**Q** 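One structure follows; several queries about it will come next.
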Amino acid sequence: MPQKRPDRTLGGPHDAFWDWCARGELRLQTCTSCGHRTWPPVEACEACGSGGLDWERMSGRGRIASWCTFERDYYQGTLPLPYDTILVELEEGPLFLSNPAGFTRQEIEIGMPVALTFVDAEDSAGPFRLPVFAKG
Ligand SMILES: [Zn+2]
């Protein structure tokens, strides 16, 4: 059973991001002019304004930079409460907001290594693969 999730942001470069996730790859945009890596998806580089952006595959390795636990129902019962959210500093540099897979807040330590995995999820637009992070 796919996990029910709040609706994703779709359209424009967001669709390309989810297409890569469907193939089991985490890819973020990298500017072909200045090399800046950006997240979330943009139409033009947020550092230099160039429209030349390549989808660079991330290694999937990172470390937990921060985390928090949500105990309030912001999504009308879509997510069971409480749920943990982690901020992962990817090996390549960008910060990526995600959820822990297979561990909870009791086990989280700042700087803890984590590794990318995907879970089958579903929102009102249909099924998709959601990037999450397991202990690395
Ligand atoms: Zn740039």
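Whatever order the structure lists ligands and atoms in, that order sets their numbers, starting from 1. Here the structure is a predicted model, which means the values were calculated and not measured. Heavy atoms only: backbone and side chains are in, while hydrogens, waters and symmetry mates are out.
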**Q** Under a 4.5 Å cut-off applied to non-hydrogen side-chain atoms, are T38 and P94 in contact?
**A**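 With C-beta onward as the side chain, the pair stays apart.
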**Q** With sequence neighbours left out, what residues match E89 under side chain to side chain contact (heavy atoms under 4.5 Å, CB included)?
**A**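 So E89 forms a side chain to side chain contact (heavy atoms under 4.5 Å, CB included) with A65, L95.
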**Q** How long is the straight-line distance from CZ of R5 back to CD of E122, given to the nearest 0.5 Å?
**A**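 Output value for this atom pair is 12.5 Å.
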**Q** Y75: which other cluster members, linking ILVMFWY side chains closer than 4.5 Å, directly or transitively?
**A**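 The other cluster members (ILVMFWY side chains, heavy atoms under 4.5 Å, direct or chained) are F70, Y74, L79, L81, Y83.
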**Q** CD of E56 to CG of D54: how many Å apart, nearest 0.5 Å?
**A**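 The distance works out to 8.5 Å.
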**Q** Apply side chain to side chain contact (heavy atoms under 4.5 Å, CB included) to R27 and list each qualifying residue two or more places apart in sequence or on a separate chain.
**A**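 Once residues adjacent in sequence are excluded, the partners of R27 under the side chain to side chain contact (heavy atoms under 4.5 Å, CB included) criterion are W20, E25, W55, R57.
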**Q** Under 2.8 Å from the Zn ion (ligand 1), which protein N/O/S atoms are there?
**A**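 Short answer, with waters excluded from the count: C31 SG, C34 SG, C45 SG, C48 SG.
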